[in-house]
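Single-structure report; data block below.
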Amino acid sequence: MYLVFDVGATTIKYALMTGEGDITEKGKVTTPVAKGQGVDDFVSAIGNIYDSYKSKLGILEGIAMGLPGQIDVKRGIVYNGGGIQYLHEVHLQELIQNRCDNTPVSIENDGKCAALAEIWKGNAKDVKDACVLVFGTGIGGGIIRGRKVIHGKHLLAGEMSFIIDEMERSDLDKLPPGENLMETIRIPSMVQALPYTWTTKHSAVNMCMRIAVAKGLPKEEVTGEKVYQWVREGDELVTNMLEDTYFSIAKMCLSLFVILDPEIILIGGGISAEPDFIKGIKKYVTQLKRLSNVYSNIKLDTCKFLNDSNLLGALYNFKQKYNLLDD
């Protein structure tokens, strides 16, 4: 049995899983990100969950983890860390392994875990090359080549959030003062002030935030479900903003297709559970394909897995890392 973690800035989800990816038990705890908490608290939280299963099972075959940040999978090091900034440059694999009786450990970026889940048992299980886009707080995912994630020299391959989109040279003068401006994208005023990266305009969370600002509502009142309710009620403002998102994603999919030439592009994240989301994207892909025959073989679909994708992909990453796969 394997102990698998899906770590977020708010919650650490965990599951006891078989080697085939079946979940036999799962739960969650609060991520230790309160003021004064740090690496030791994080490792302790993981260790306490490990201890509870060790007392019941006696031994675990491995610990697999998906978490935010740029991850050096081979060396087990986290860079940046998303909403868990104290994990930056932490040798997390080694720390957890030492805490958990030298049980083998693997770590991988959460978006890339979602991509690996699709390659293992999802809608990319029959292909070798794929591109997966996950729309949530940001726009993550992974580029799969030969059924393995491409990480790149700086571990940034597949970090779609940071693609610069629809920016003119004159817009440079409109940027607010300061450095590392992307760290402020959860603030409504900054989302409006930085409409130049793909995530500030079209991640699920920021799309809802932009709609909230446009309608003069608190950001907490605008969810994906609410957006689609407004569209079905004929709200012209929301409909146009959602259509802009579809169009942007369609353009990006065609660009990724000619850059990477994947066998399939998959769209994931919670919002992808809404059938009209993929329908809207495909509508514009179909229209844009008229530009050239080079786009004719593009294949687009939704991800098979939603809530448990990071768990499943983290386990697949473990099996790849420790050579436990036949493919």
Side-chain angles (χ1 to χ4, degrees), residues 1-33 37-69 71-78 81 84 86-87 90-122 125 142 147-149 151 305-327:
M1 299 297 287
Y2 297 85
L3 182 56
V4 186
F5 294 91
D6 174 13
V7 177
T10 303
T11 302
I12 298 174
K13 301 175 184 177
Y14 60 91
L16 191 65
M17 301 176 69
T18 69
E20 291 303 309
D22 297 319
I23 296 174
T24 63
E25 187 176 330
K26 61 181 176 181
K28 60 183 179 180
V29 297
T30 301
T31 307
V33 289
Q37 291 184 308
V39 175
D40 290 344
D41 301 285
F42 183 88
V43 173
S44 179
I46 300 298
N48 290 340
I49 297 168
Y50 166 83
D51 289 342
S52 69
Y53 281 108
K54 180 189 173 185
S55 65
K56 290 189 288 186
L57 302 175
I59 190 170
L60 289 164
E61 296 176 75
I63 298 171
M65 182 177 294
L67 70 162
I71 311 296
D72 186 328
V73 173
K74 291 183 179 179
R75 299 168 64 202
I77 304 172
V78 179
I84 317 174
Y86 58 69
L87 290 180
V90 170
H91 291 244
L92 189 61
Q93 176 184 313
E94 181 182 358
L95 290 178
I96 293 174
Q97 202 159 307
N98 290 341
R99 168 62 179 78
C100 299
D101 304 320
N102 291 316
T103 301
V105 174
S106 68
I107 62 174
E108 176 59 288
N109 169 267
D110 47 9
K112 292 176 174 58
C113 285
L116 287 169
E118 294 301 317
I119 279 287
W120 189 18
K121 293 179 177 290
K125 64 183 177 63
R147 299 186 64 79
K148 294 185 178 180
V149 168
H151 291 91
F305 301 107
L306 294 173
N307 292 336
D308 294 331
S309 64
N310 292 355
L311 294 169
L312 195 61
L315 179 58
Y316 189 67
N317 174 62
F318 180 96
K319 298 185 77 155
Q320 283 190 332
K321 180 179 177 68
Y322 291 100
N323 300 313
L324 300 176
L325 294 167
D326 294 329
D327 60 348

Can you list everything that forms a salt bridge (Lys or Arg N to Asp or Glu O under 4.0 Å) with D72? Sequence neighbours excluded, please.
R75

Do P104 and F318 have side-chain heavy atoms sitting under 4.5 Å apart?
yes

Using modelled atom types only, decide if a donor and an acceptor are shared between the side chain of N109 and the backbone of G69 within a distance under 3.5 Å.
yes

Take K319 and W120 through the side-chain contact (heavy atoms from CB on, under 4.5 Å) test and state the conclusion after the steps.
CA-CA 11 Å; K319 298 185 77 155; W120 189 18; 4.1 Å; yes

Contact summary for L3 and Y50, nearest pair of heavy atoms:
CD2-CA, 3.7 Å

Between atom CD1 of I46 and atom SG of C100, what is the distance when rounded to the nearest 0.5 Å?
8.0 Å

With the side chain counted from C-beta on, respond yes when I49 and V29 share a heavy-atom pair under 4.5 Å apart, and no when they do not.
yes

Among L95, V90, N98, find the residue that satisfies the side chain to side chain contact (heavy atoms under 4.5 Å, CB included) test when tested with V43.
L95

Roughly how far apart are M17 CE and L315 CG, rounded to 0.5 Å?
5.0 Å

Would you say the side-chain atoms of E108 pair up with the backbone N or O of V73, donor to acceptor, closer than 3.5 Å?
no

Would the distance check show the side chain of K74 and the main-chain N or O of K321 forming a donor-acceptor pair, the cut-off being under 3.5 Å?
no

Just checking K148: does its NZ atom have more than 12 heavy atoms from other residues, nucleotides or ligands closer to it than 6.0 angstrom?
no

Test item: S106 side-chain N/O and A64 main-chain N/O as donor-acceptor pair under 3.5 Å:
no

Would I12 and T30 satisfy side-chain contact (heavy atoms from CB on, under 4.5 Å), going step by step from the backbone distance to the final call?
CA-CA 6 Å; I12 298 174; T30 301; over 6 Å; no

Between CG of D41 and OG1 of T31, what distance do you get to the nearest 0.5 Å?
12.0 Å

D110 side chain near L67 side chain, heavy-atom distance below 4.5 Å:
no

Please say whether more than 12 non-hydrogen atoms of neighbouring residues, nucleotides or ligands are located less than 6.0 Å from NZ in K13.
no

Rounded to the nearest 0.5 Å, what's the gap from CD on E94 to CG on N102? Could you check?
10.0 Å

Nearest 0.5 angstrom please: Q320 CD to L116 CG, how far?
5.5 Å

Any residue meeting side-chain contact (heavy atoms from CB on, under 4.5 Å) with D22, in chain and number order, not counting sequence neighbours:
T18, E20

Mind checking what makes side-chain contact (heavy atoms from CB on, under 4.5 Å) contact with T10, not counting sequence neighbours?
none

Quick one: does any side-chain atom of S55 pair with a main-chain N or O of S52 as donor and acceptor, under 3.5 Å?
yes

Applying the side chain to side chain contact (heavy atoms under 4.5 Å, CB included) test to M65, which of N317, V105, I96 qualifies?
I96

What I'd like to find out is whether the side chain of L92 reaches to under 4.5 Å of the side chain of F42, using heavy atoms alone.
yes

Side-chain polar contacts of residues 307-314 - donor-acceptor pairs under 3.5 angstrom, sequence neighbours left out - could you list them?
from, atom 1, to, atom 2, distance (Å)
D308, OD1, K26, NZ, 3.1
D308, OD2, K26, NZ, 3.4
S309, OG, L306, O, 3.0
N310, ND2, D6, OD1, 3.2

Measure from the side-chain N and O atoms of N48 to the backbone N and O of S44, and report whether any donor-acceptor pair falls under 3.5 Å.
yes

side-chain contact (heavy atoms from CB on, under 4.5 Å), that's the test. Do I77 and I71 meet it? Break it down for me.
CA-CA 6 Å; I77 304 172; I71 311 296; over 6 Å; no

Under the salt bridge (charged side-chain N to carboxylate O under 4.0 Å, His left out) definition, can you give me all pairs with a residue in residues 46-61, not counting sequence neighbours?
E25-K56, D51-R99, K54-D101

Among all residues two or more places apart in sequence or in another chain, which pass the ring pair (Phe, Tyr, Trp, His ring centres under 6.0 Å) test with Y86?
none

Please assess Y53 against Y14 for the test side-chain contact (heavy atoms from CB on, under 4.5 Å), listing each intermediate value before the final yes or no.
CA-CA 11 Å; Y53 281 108; Y14 60 91; 3.6 Å; yes

Q97/H91 under side-chain hydrogen bond (donor to acceptor under 3.5 Å, both in side chains): CA gap, chis, key distance, verdict:
CA-CA 10 Å; Q97 202 159 307; H91 291 244; over 6 Å; no

